[in-house]
2 protein chains.
Amino acid sequence: MTGRAKRVTIRTVAEDADVSVAAVSKVLRNSYGVSERMREKVQASMQKLGYRPHSAARGLRGKTFTIGLLQNDLRNPYLPTIFDGIFKGLEGSGFQPLLGVGQSTEPLETALINAMIDRQMDGLIMVAPRLPGEKIEQFAREVPTCIIAHHHPDEDAFDTVNFDDKLGARVAVRHLIEQGCHNIVMLSQALPEPGVSNVIQQRELGFIEAMGGLNKRPSDAIVHGFFDAASTETLIRELLLKPDRPDGLFCWSDMVATQVFVAAAEIGLRIPEDIAVVGYDNTYDDQLRPFGLSSLNQPGYKLGVAAAQLLLSRIEGRSEAEHKVFSPELIVRGSSLRSDDT
Amino acid sequence: MTGRAKRVTIRTVAEDADVSVAAVSKVLRNSYGVSERMREKVQASMQKLGYRPHSAARGLRGKTFTIGLLQNDLRNPYLPTIFDGIFKGLEGSGFQPLLGVGQSTEPLETALINAMIDRQMDGLIMVAPRLPGEKIEQFAREVPTCIIAHHHPDEDAFDTVNFDDKLGARVAVRHLIEQGCHNIVMLSQALPEPGVSNVIQQRELGFIEAMGGLNKRPSDAIVHGFFDAASTETLIRELLLKPDRPDGLFCWSDMVATQVFVAAAEIGLRIPEDIAVVGYDNTYDDQLRPFGLSSLNQPGYKLGVAAAQLLLSRIEGRSEAEHKVFSPELIVRGSSLRSDDT
DNA sequence: TATAGTTTGTAGAACGTTATACAAAAACAA
DNA sequence: TTGTTTTTGTATAACGTTCTACAAACTATA
């Protein structure tokens, strides 16, 4: 009954406004050489017919006005703040962001980025990609690219936006030392493929630097969790039950920090008296307030806005790379604050 | 230095394999009329040159092999389970899922869906859309569509996949009554635009049904929270501090339920002794175990897989609508379990 | 009034596919 | 052999845009 209506194309508009197809296209892209009278006539027709440009067709020639966003972990509560920033930064630019989920493996990530390039997207923002630098560089040569949360300070094929992860780790360690911790351990995460560009690796490096003064082999002071929560939990339990269990724990993310809370409670260890805990990302601001988790605040929103702006300017033609680095800030709460009178 | 390499097209392949463009296209779509010898020759060339079809170009004629996913709330921890299911269900189909974020307002959602249609996507899966039924129906006539978590049992323009939300609410209320609660309140959420298709509304309806026997006006028994966490928190506090505060709370989602935990702890109310709490979605399985939140389990994974399959079959040509409804299951934990010996 | 701009509009090739219509070759039947 | 099918491969018109070249109509200048 309701016959699939024929799409309104640039041609339909041209006929309706009684001008050439080329004219309509010009109006659309507001390029040089259209009289006021014509512009109005054409715009009226577009309005009337409800014309919307067909981006697949556009893609064949020029832009698709689409930005590809690469994300790996839908569950990480830190990431939405980044996306909020990206959306904000893209608002009003006419570019439509679309998100692809890489599921944390290199082949899937590669396939996804290829898919985006095949769909002729105009720019890419990757959040914490798993891909090695050379691969990203290769892609970046095909399409304007901006990377969030992956350190490539010397790269010139693409832009990066980061918080200073080394600094964050150093600040955390210093704080734990000030609180009287002697046996500080970092709860990190095993990387599928290690590389200094990785945010976690950077935090490890900062941790090692800051621990330089302590008499402990760094390798012993870093424990690597896993990607799935269950195995990480076992690991945490083991760590907390060891005879020489740590009295200070620096967690690579708030997510694992909450797991520590759970495990500690079940084992009967007090936080911060028995173990002081510092997390990372300052998520869970509302939801887990009673835990009072100390954490490094690094508003993802900032990253997102900056990335969007960089990408837009690159699409506009900029070709020298820019690398933005923001500084995280330690928010001290109950989980690491011991009364100074011991 | 590294000149942007020219893209390998179907034409390049044709030349390399020394056949016609049409032939390559046929191989690509494995359509009728290709000899074994030719198929091999062409595939070898494609392999050698690393050919990848250009979907923007494809879109101009036929399919783009892209599925649009509509999501509204990146922060809801329940949704990733749905997406896992969708990804799984789409795996190996050759369709690439891409996610758009609607940000919970109707105009943005409409714009987003239009953007997807303009990009010539082959199918749409919308998760808990804000759009009214007629609008969805309109879109569904342009492109195969499947809706998750929105009840439209009589619709025939698109498919739906849901858990039975009324049932879940009824089960929750019955359980609370069995646990001796007399003053049961539902903590719901204000809807931007109400409609029975909405999941939350359905839960309210189920709640009212089950409360039928109790001597309280339903309108008093349902409290509506807000979209932002902060205002909802204030509301919860007020509710818990009222002289006739509830002794049983049915929360529309685990997210608000955790807020209740926080507020109760700060006010000094015990769960479940003072208030029994039942949540919805059974998220936070790992992370909040110590809270022991009773909740309605409704694995999103199932929804996702089913939706993907329905969509694929619709793309294949099915035209009669299908409406799948699964049953949620109450998982009883400490937050609502009172020892029976009073 | 010529001549040289400048402004306004149009034709039409191109982008990388798909798919229809058809020609050529091979296989079969009489 | 001759005709009839069937198989295999090709030429080419779309699809909806963009954009370069160019023609036509004005304006300004000499």
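Convention: sequence-line order gives letters A, B, ...; per-chain numbering from 1. Just so you know, these numbers use all the heavy atoms, side chains as well, and skip hydrogens, waters and symmetry mates.
Phosphate proximity of C:dG9 to A:S35: present, with a side-chain N or O under 4.0 Å from OP1 or OP2. Considering only side-chain N and O atoms, B:Y32 lies nowhere under 4.0 angstrom from the phosphate OP1 or OP2 of D:dG9. Between C:dA19 and B:R29, a contact under 4.0 Å exists linking OP1 or OP2 to a side-chain N or O. At the phosphate of C:dG16, neither OP1 nor OP2 sits under 4.0 Å from any side-chain N or O atom of B:R11. Of the side-chain N and O atoms in A:R58, none sit less than 4.0 angstrom from OP1 or OP2 of D:dG16.
Of the possible donor and acceptor atoms, one in the side chain of B:T145 sits under 3.5 Å from a partner among the backbone N and O of B:V143. Judged by distance alone, the side chain of A:R318 and the main-chain N or O of A:L310 form a donor-acceptor pair under 3.5 Å. Between the side chain of A:D122 and the backbone N or O of A:F65, at least one donor-acceptor pair lies under 3.5 Å. Distance alone, capped at 3.5 Å, is enough to place a donor-acceptor pair between the B:R7 side chain and the B:R52 backbone.
In this structure, of C:dT18, D:dA11, D:dG16, it is C:dT18 that holds the atom nearest to the side chain of B:V21. Side-chain proximity of B:A22 to C:dG16, C:dA19, D:dG16: nearest is C:dA19. Here the side chain of B:V19 is nearest to one of C:dG9, C:dT17, D:dT10, namely D:dT10.
Counting to the nearest Å, the P atom of D:dG9 and the CG atom of B:D18 are 12 Å from each other. In this structure, the CD1 atom of A:I117 is 17 Å from the C1' atom of C:dG16, given to the nearest Å. Atoms CZ (B:R37) and P (D:dG9) sit 7 Å apart, rounded to a whole Å. For the pair A:L60 CG and D:dA14 P, the computed distance is 17 Å after rounding to whole Å. When the P atom of C:dG16 is taken as reference, atom CD of A:Q120 falls 9 Å away, rounded to whole Å. A straight line from CD of A:E36 to P of D:dC26 spans 18 Å, rounded to a whole angstrom. Spacing between atom NZ of B:K26 and atom P of D:dT12 amounts to 16 Å, rounded to whole angstrom units. B:I10 has its CD1 atom 14 Å from the P atom of C:dC15, to the nearest Å.
Residue B:G33 is the one, among B:R61 and B:G33, whose nearest nucleotide of DNA chain D lies closer to the 5' end (criterion: closest heavy atom).
In this structure, A:T9 reaches the sugar-phosphate backbone alone: every heavy-atom distance under 4.0 Å involves primed, P, OP1 or OP2 atoms, never a base. Within 4.0 Å of A:S25, counting heavy atoms only, lies at least one base atom of the nucleic acid. Within the nucleic acid shown, B:R52 comes within 4.0 Å of sugar-phosphate atoms alone, with no base atom in reach, counting heavy atoms only.
One finds the NE2 atom of A:H152 at 9.5 Å from the CD atom of A:E137 (value rounded to the nearest 0.5 Å).
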